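Sharing a structure here in structure tokens format.
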Amino acid sequence: MDATQTVPVVTIDGPSGSGKGTVSREVARRVGWHLLDSGALYRLVALSGRLHGLAPDDTAGHAALARAMDVEFGTDAGGAERIRLGGADVTADVRSEATGQGASRVAAWAPVREALVERQRAFARPPGLVADGRDMGTVIFPAARLKIYLTATAEERALRRHKQLKEKGSGANLAALSREIAERDQRDSTRAVAPLKPAHDARIVDSTGMSIAQVVEAVLAAGRAQGLWS
Ligand code: DC
């Protein structure tokens, strides 16, 4: 039996800007479980490709990097996220809009997705895992104990992203962000491999008009009802 069957997993899937990153991190922190931010892995593949000077359409090259890249997720002394690639701090590059767009492109390639399967499953370690992504409940952890599909209207997601970027001090244009989110949704949900869609047994949570705290409470309550934590 592999770890995905013995270690409890909660999957939180959904489109960009649905709040799943923040919600997943907070749920994992509250229950003391591990966190898998699978989107960061696709971002790291796109970034590695750029750093290695790969052609943007070099599928095999990106898949090889997906297998070989040396990645470390951690936090700094103040608790802020720190992502290292080959020992170098690449957090800001990983989180940029440009890398997000690159990630969405490489994520459409089957060899890249395949190369990341085992790496993602290896995050399932005791006492449990909260897995955040697009295909956590459908492909990577189909036997997850609880599957959440978190969504919100495209307008609300663009507004949230805009606020987030402004808080980080980067100038962002709301109309351009809305366009990018719509494009990314379209690409993520229509690709042939592992498209963004709710698992048949997922609970759909529409977070439009809900605060992050309310969504976190809803997920914690669902997990409690399943006996995953007290
Ligand atoms: O959640 P994010 O913005 O960090 O994800 C970046 C891109 O990676 C997103 O456009 C789709 C892709 N992705 C994916 O295809 N499958 C996942 N499990 C996670 C992300």
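These numbers come from a predicted model, not from an experiment. Read the numbers this way: they start at 1 and go in the same order the structure lists the ligands and their atoms.
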Problem set entry | Charged N-O contact under 4.0 Å between Arg30 and Glu217 | yes
Exercise. Among all residues two or more places apart in sequence or in another chain, which pass the salt bridge (Lys or Arg N to Asp or Glu O under 4.0 Å) test with Asp57?
Worked result: none
For this session: Kindly state each residue pair satisfying ring-ring contact (aromatic ring centres under 6.0 Å, His included) with at least one member in residues 35-68, sequence neighbours excluded.
Result: His62-Trp109
Exercise. Which residue pairs pass the ring-ring contact (aromatic ring centres under 6.0 Å, His included) test when at least one of the two sits in residues 154-174, sequence neighbours left out?
Worked result: none
Exercise. Heavy atoms under 4.0 Å from ligand 1: which residues qualify?
Worked result: Lys20, Ser38, Gly39, Tyr42, Arg43, Ala103, Ser104, Ala107, Arg113, Gly133, Arg134, Asp135, Met136, Arg184, Asp188, Arg191
Problem set entry | Polar side-chain atom of Arg184 near backbone of Ser104 as donor-acceptor pair, under 3.5 Å | no
Exercise. Should the heavy atoms of other residues, nucleotides or ligands under 6.0 Å from CD of Glu72 be counted, would the total exceed 12?
Worked result: no
